[in-house]
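Accompanying notes for the structure given below.
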Amino acid sequence: MSAKEINKYQDSLNLPDSPFPMRAGLAKQEPLRLEKWYAEKLYSRIREARKGAEKFILHDGPPYANGKIHNGTAMNKILKDFVVKFKTMSGFDAPYVPGWDCHGMPIEHAMFKELGKSKHEVDRVEFRKGARKYAAKFVDIQREQFKRLGVLGEWDNPYLTMNPNYEADTVRVFGELYEKGYIYKGLKPIHWCTSCETALAEAEVEYADRTSPSIFVKFPVLPDQELPFENCNNPSVVIWTTTPWTLPANRAVCLKEDLEYCAVDLDGETIILAVELADNLFSKLEKTTPEILKIVKGFELQGLILKHPVNDNLTVPIILGDHVTTDTGTGCVHTAPGHGQEDYQIGLKYNLDVVSPVNEKGIFTDDIPEYSGNFVFKGNKLIIEHLREKGILIFTENISHSYPHCWRCHKPVIFRATEQWFMNVDANDMRSTIIEAVDKKVKWLPAASKQRILSMLKLRPDWCLSRQRIWGVPIPVFYCKKCGAELLNKNTIDKFAGIVEKESSDAWFSHSAEKLLPENTACSKCGCVEFRKETDILDVWFDSGVSNRAVLERREQLHVPADLYLEGSDQHRGWFQSSLLVSTGLNGEPPYKTVVTNGWTLAASGEKESKSKGNFIDPASVCDKMGADILRLWFGSVNYMQDVQISQELLKQVADSYRRIRNTFKFLLGNIHDYNPETDPVDYEELLPLDKYMLHSLEKLRGKVTEAYNEYKFYRVFHLIHDFCTVELSARYCDILKDRLYIEAAEGKKRRSAQTVLRKICVDITKLIAPILSFTAEEVWQYIRENSASESDGTNIKSVHLALWPEKQENYINETLESDYNSLWATRDEVLRELEIKRRDGIIGSSLEAAVSLNTRDEKLNALLAKYENELPALFIVSQVELIPEENRKNWSVGHELKALKTIVEKAKGEKCARCWNYSESVGENNKYSDLCARCAEIVNS
RNA sequence: GGGCCUAUAGCUCAGUUGGUUAGAGCGCGCGCUUGAUAAGCGCGAGGUCGAUAGUUCAAGUCUAUCUAGGCCCA
């Protein structure tokens, strides 16, 4: 046969016809789509369309305005976009105001690097101008990247924590919390350079080797206490330290709860230390470790009272802490809360005094008369001598070890307790209020999230708000120059906040205290009219923590509490808590109703992505190469509440799934090209059974997909829709329908029945996938509209993102049909398996070459097959199906799954119809069309 | 070291209150089709459910321990 003959009846067929391209070309098409969206102001039109509808507020947690976006930031924004688009289509007014965190260390660092200067060499006002510019630059970069991902929102008016209005609110919130009694000044040890006389942030400290004294000191046990050891003589606990000068500030000795301790004899006296470290000490003393008679656990020694090694008027307790190690020392740790971070933390737990009798120059103060006036490192020698005189020094030597130094002057730094501003977590019973609300009022997803934040809230210390930095909102407190009294009240806050609104918080650094204070301000304690300004700034977490006030309460279209916060799981310690503390302080309740967390994006190995390992995937380059929809579909295909793994291979796999969904759309669009939704629909009652069944199936899908979105389980949405496209549509419905669509009369009821359902499926699936495949769904939507935009099915709406979610259609539900078709599909599987066997045997090629005989002893199945007898050839895509008595034939094949079913597949009878390719004995009966079957002859003739 | 989490086919996910032979899709292999064609259809091969111990008549599912990985702390 020649090609011409094959195509003889081609023109009489109704083949699919659609300009919808099979190959997406997303990387090229998406930017064009974005241009249209922004030219048409899609986001504003959505807002306008939903005006007055019930609100759904997803409050954006601000990413840090530094660097380009990575998979973590991309994932989080895309997940938020899924929610906002779904809620919008569901009829909610769901505004999305994105934000950025602009202050803080990383930007300072980048600036210092750029300038080649350190914190103390820059002009604060100039520096802050530069930092502001730097942050703004990255806001712009990230904004463009987020837009490219297809995320819709108020991009032309985001919230920035460095905006003057925002900063003014940050100042006001600090004042309000102060007024309510949440803010206080306390002591906390920080790195301190005695040469530069300044506090140092962790990042300003560099480590270098230094020689320090290493000493072992006895803390005598106070008499008349019960010890778990026998025959003790003058017992004492031995500590080890390399900073003897901190001994005056000692307030406890810390042991580890389950570590083993012993009491051994040293020169006739009993000393107590960790079993593991006894050899270490005795070898230094060049002695043999005595026999250990009894071992006790650390907790058995808890509460013992010891004599203070320096101050004879003091005693100190034995406490327990997890930071005690057996790397070195004695397992008994000298604890001075004013001189070390871990000491401070454990001190908070045991309510120890934070003392730091050292001034800014590193000189002992008059609080320690024995050493006052001496520099701390010189004090080391004096103290060692003093301990030797008291007979409590066991051993001393010099060791070289890694020690923190100032990055500017390279001199060794010390830990010194300084005054810092704190937020009191327990004021006004806040902690229990919060715990109650977190437990009862807030919904946490995944569920374990609640336990995680509760355990943190129960144990967390007060929030240290002070930072010795430049780029941030100043702590708006004044001090009397004469008596040092602090000045902070509603008047000073209002005045300063007003200035900040106009000039930004830079004003704190560019103006004098007098200019920032209300006129005629005088110290209430001493009447002095001169003030100095606090030099510390606020922790950046305080900035973002006030967003519920500065954004949700300030913007007319938003409200507090938000319906949803959706952030990475690291925010349990970060934003979830900071905003919770601020919101509870201000309003007495959490700022959110539901909190969803996403996990981390990892490389395919399950390990962190890193550039050095080359397993780093850049979301921007995925957009450029594969398209944002592929990235979106990937984030929509994984369970993001856990950690997720990304790699080129995984993206490729998702791209395969994408193509399947896309081709399904192409088939749907191609087969409704000549269908007019205004005039051609077939009434539900008159639809063919298979078509009715598909509407049932579609409605079930709609229900499940909607539920999955409402539970924020997008990966279920993906699987549901993908499986529907693959199994229900592509493998079954579409394949079966080809005969009806291509062969039957174009305007006949059989074909229109199918098209009625195809159009409905096409419109609805487009909507169901639109929140995830935002670009592709819009593309399909526009092809539907180009074909025929109809009010009757809502396709008159200009963008799928403005459209409303498919409505529930109870009348489509037909459980009888479902159960019928479940049996028919099972029967079909048996037939297909048998067809494959005959195909292997060379009896048939195409399934249309086959005739199928069926028989079953299962009466229910038999009745069902009889009921659908006329549909069966189409269902199996074969030319003939016969239900015949078992005894009429031999050589039945027994069903694989349906054991009661017997089948015979053989070559179909008759000739192949040149038009429909079915085999039929009617081919040749018609004189005019001798190569056609009866059905085709009639259709062609009409 | 502590708090919390994760672990089912090569991959992404299902697996109800413990109950027959652990499912789906993708990918892979083989074949069909050439009227969804850089498509479509079919069949098939893939799993000691991270490991070990325990509870039970019965464990992917409950308990304990361990291993690997993650987040946050110290």
Side-chain angles (χ1 to χ4, degrees), chain A residues 6-7 9-10 13-18 20 22-23 256 258 321-325 341-342 345-346 446-456 458-460 568-574 577 597-608 633-634 636-639 641-645 647 649-650 652-660 662-671 713 715-716 718-727 729-732 734-739 741-743 828-829 831-837 839-840 842 844-849 877 896 915-917:
Chain A
I6 293 170
N7 291 324
Y9 295 101
Q10 190 98 14
L13 299 172
N14 320 297
L15 294 181
D17 177 22
S18 168
F20 184 77
M22 173 181 289
R23 303 195 68 190
K256 191 168 187 165
D258 54 0
D322 285 330
H323 60 287
V324 177
T325 65
Q341 292 288 9
E342 284 173 336
Q345 291 297 335
I346 199 79
S449 201
K450 185 201 272 188
Q451 271 322 109
R452 184 168 175 181
I453 196 152
L454 278 178
S455 68
M456 287 176 173
K458 280 174 192 160
L459 293 173
R460 71 156 295 155
S569 59
D570 55 332
Q571 299 304 328
H572 283 97
R573 180 151 297 272
Q577 268 194 66
T597 56
N598 61 260
W600 239 234
T601 54
L602 308 172
S605 58
E607 289 169 331
K608 272 187 182 180
L633 189 61
W634 184 76
S637 73
V638 292
N639 182 355
M641 294 190 200
Q642 309 168 2
D643 294 340
V644 294
Q645 300 181 11
S647 69
E649 290 73 42
L650 295 173
K652 189 181 160 289
Q653 191 188 320
V654 140
D656 286 336
S657 303
Y658 171 85
R659 251 177 265 124
R660 168 59 65 116
R662 186 176 180 89
N663 267 311
T664 306
F665 277 126
K666 181 170 172 63
F667 182 88
L668 296 174
L669 287 168
N671 283 291
K713 293 185 175 171
Y715 54 98
R716 294 232 165 136
F718 165 77
H719 276 281
L720 284 164
I721 292 179
H722 185 256
D723 286 6
F724 187 81
C725 286
T726 303
V727 180
L729 289 176
S730 197
R732 290 182 190 157
C734 296
D735 212 25
I736 291 164
L737 231 43
K738 283 173 194 166
D739 183 86
L741 289 166
Y742 304 167
I743 310 302
R828 184 176 191 256
D829 287 344
V831 171
L832 294 181
R833 199 174 284 122
E834 201 54 30
L835 284 172
E836 191 63 25
I837 291 167
R839 194 170 282 135
R840 296 258 146 116
I844 57 162
S846 159
S847 60
L848 284 176
E849 291 169 31
I877 318 184
H896 204 256
R915 183 166 175 273
C916 72
W917 297 347

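Nothing here was measured: the structure is a model prediction, and the numbers come from that model. Letters A, B, ... are given to chains in the order of the sequence lines, protein chains preceding strands, and every chain is numbered from 1.
- Close to B:G42, at under 4.0 Å from its OP1 or OP2, lies no side-chain N or O of A:Ser847.
- The P atoms of B:A74 and B:U67 are separated by 25 Å, rounded to the nearest whole Å.
- Nucleic acid contact for A:Asn663: base, since at least one base atom lies under 4.0 Å from a heavy atom of the residue.
- Among A:Leu729, A:Leu741, A:Asn671, the single residue meeting the side chain to side chain contact (heavy atoms under 4.5 Å, CB included) criterion with A:Cys734 is A:Leu729.
- A close approach under 4.0 Å does occur between a side-chain nitrogen or oxygen of A:Lys738 and OP1 or OP2 of B:A36.
- Close to B:A39, at under 4.0 Å from its OP1 or OP2, lies no side-chain N or O of A:Arg660.
- Contact annotation for A:Val727: backbone-only contact, meaning every heavy-atom pair under 4.0 Å involves sugar-phosphate atoms and none involves a base.
- The nearest heavy atom of RNA chain B to A:Asp656 and to A:Ile743 marks one nucleotide each, and the one closer to the 5' end goes with A:Asp656.
- For the pair A:Thr726 and A:Arg915, nearest-nucleotide mapping onto RNA chain B gives the more 5' position to A:Thr726.
- For the P atoms, the distance linking B:C73 with B:A14 amounts to 29 Å, nearest Å.
- When the P atom of B:C41 is taken as reference, atom CD of A:Glu836 falls 14 Å away, rounded to whole Å.
- Nearest heavy-atom pair, A:Leu835 versus A:Ser847, reported as atom, atom and distance to 0.1 Å: CD1-CB, 4.0 Å.
- Between the CZ atom in A:Arg915 and the CD atom in A:Gln10 there is a gap of 10.5 Å [rounded to 0.5 Å].
- Among the protein residues, A:Ser730 comes within range of the nucleic acid bases, having at least one heavy atom under 4.0 Å from a base atom.
- Counting any heavy atom pair closer than 4.0 Å across all strands shown, A:Gly845 reaches sugar-phosphate atoms only and no base atom.
- The pair A:Glu649-A:Lys652 does not meet the salt-bridge criterion, since no charged nitrogen lies less than 4.0 angstrom from a carboxylate oxygen.
- The glycosidic torsion of B:G46 lies within 90° of 0, which places this base in the syn conformation.
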**Report entry** A:Ile736/A:Arg828 under side chain to side chain contact (heavy atoms under 4.5 Å, CB included): CA gap, chis, key distance, verdict
**Finding:** CA-CA 11 Å; A:Ile736 291 164; A:Arg828 184 176 191 256; 3.9 Å; yes

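- Between the C1' atoms of B:U61 and B:U17, the separation comes to 11 Å (whole Å).
- Atom CG of A:Asp735 and atom P of B:G35 are 14 Å apart (whole Å).
- Counting all heavy atoms, side chain and backbone alike, A:Val654 lies closest to A:Ser637 at CG2-OG, 3.7 Å.
- B:G29 and B:U6 have their C1' atoms separated by 33 Å, given to the nearest Å.
- For the C1' atom pair drawn from B:G10 and B:C66, the interatomic distance equals 27 Å after rounding to whole Å.
- At the heavy-atom level, A:Leu737 lies nowhere under 4.0 Å from the strands shown.
- The pair A:Asp570-A:Arg573 fails the salt-bridge criterion, with no side-chain N (NZ, NE, NH1 or NH2) lying under 4.0 Å from an Asp/Glu carboxylate O.
- Atoms CZ (A:Arg460) and P (B:C4) sit 18 Å apart, rounded to a whole Å.
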Show the distances under 3.5 angstrom between N or O atoms of the protein and N or O atoms of nucleotides 71-73 of chain B.
from  : atom 1 : to       : atom 2 : distance (Å)
B:C71 : OP1    : A:Lys608 : NZ     : 3.4
B:C71 : O2'    : A:Arg452 : NH2    : 3.2
B:C71 : O2     : A:Arg452 : NH2    : 2.8
B:C72 : O4'    : A:Arg452 : NH2    : 3.4
B:C72 : O2'    : A:Arg573 : NE     : 2.8

Requested in this report: Classify every nucleotide of nucleotides 7-16 of chain B by which part a protein heavy atom approaches to under 4.0 Å, writing B for the base, S for the sugar-phosphate alone and - for neither, in 5'-to-3' order.
Outcome: ----BBSSS-

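- Closest heavy-atom contact between A:Thr597 and A:Ser569: CB-CA, 4.1 Å.
- Per the geometry, CD belonging to A:Glu849 stands 14 Å off C1' belonging to B:G42, to the nearest Å.
- Consecutive Watson-Crick or G-U pairing (both distances under 3.5 Å) extending over three or more pairs maps onto RNA chain B as B:1-7 with B:67-73, B:10-13 with B:23-26, B:28-32 with B:40-44, B:50-54 with B:62-66.
- Note: CD1 (A:Ile877) to P (B:C32) measures 17 Å, nearest angstrom.
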Requested in this report: Kindly indicate, with the supporting measurements, whether the criterion side chain to side chain contact (heavy atoms under 4.5 Å, CB included) is fulfilled by A:Leu15 and A:Tyr742.
Outcome: CA-CA 5 Å; A:Leu15 294 181; A:Tyr742 304 167; 3.8 Å; yes

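- Contact detail for A:Phe20 and A:Lys666: the closest heavy-atom pair is O-NZ, 2.9 Å.
- As rounded to whole Å, 15 Å separates atom P of B:G29 from atom CZ of A:Arg840.
- Under 4.0 angstrom from either OP1 or OP2 of B:G44 there lies at least one side-chain N or O belonging to A:Arg833.
- B:C49 sits 11 Å from B:U8 when the P atoms are compared, rounded to a whole Å.
- Separation of atoms CH2 (A:Trp634) and OG (A:Ser657) is listed at 13.5 Å; rounding is to 0.5 Å.
- A:Leu602 approaches A:Asp643 most closely through the heavy-atom pair CD1-CB, 3.7 Å.
- Here the options are A:Gln571, A:Arg460, A:His572, the test is side chain to side chain donor-acceptor pair (under 3.5 Å), and the partner is A:Gln577; only A:Arg460 passes.
- Residue A:Glu649 contributes atom CD, which lies 15 Å from atom C1' of B:C26 at whole-angstrom precision.
- Look at the C1' atom in both B:G40 and B:U34: the space between them is 10 Å, to the nearest Å.
- The aromatic ring of A:Tyr742 does not stack onto the base of B:G35, failing the criterion of a centre distance under 5.5 Å from the six-membered base ring together with planes under 30° apart.
- With hydrogens and angles ignored, no donor-acceptor pair closer than 3.5 Å exists between the side chain of A:Thr664 and the base of B:A36.
- Spacing between atom NE2 of A:His896 and atom P of B:G44 amounts to 6 Å, rounded to whole angstrom units.
- With values rounded to the nearest 0.5 angstrom, A:Leu13 atom CG is found 13.5 Å from A:Lys738 atom NZ.
- Comparing the C1' positions of B:G47 and B:C5 gives an interatomic distance of 25 Å, to the nearest angstrom.
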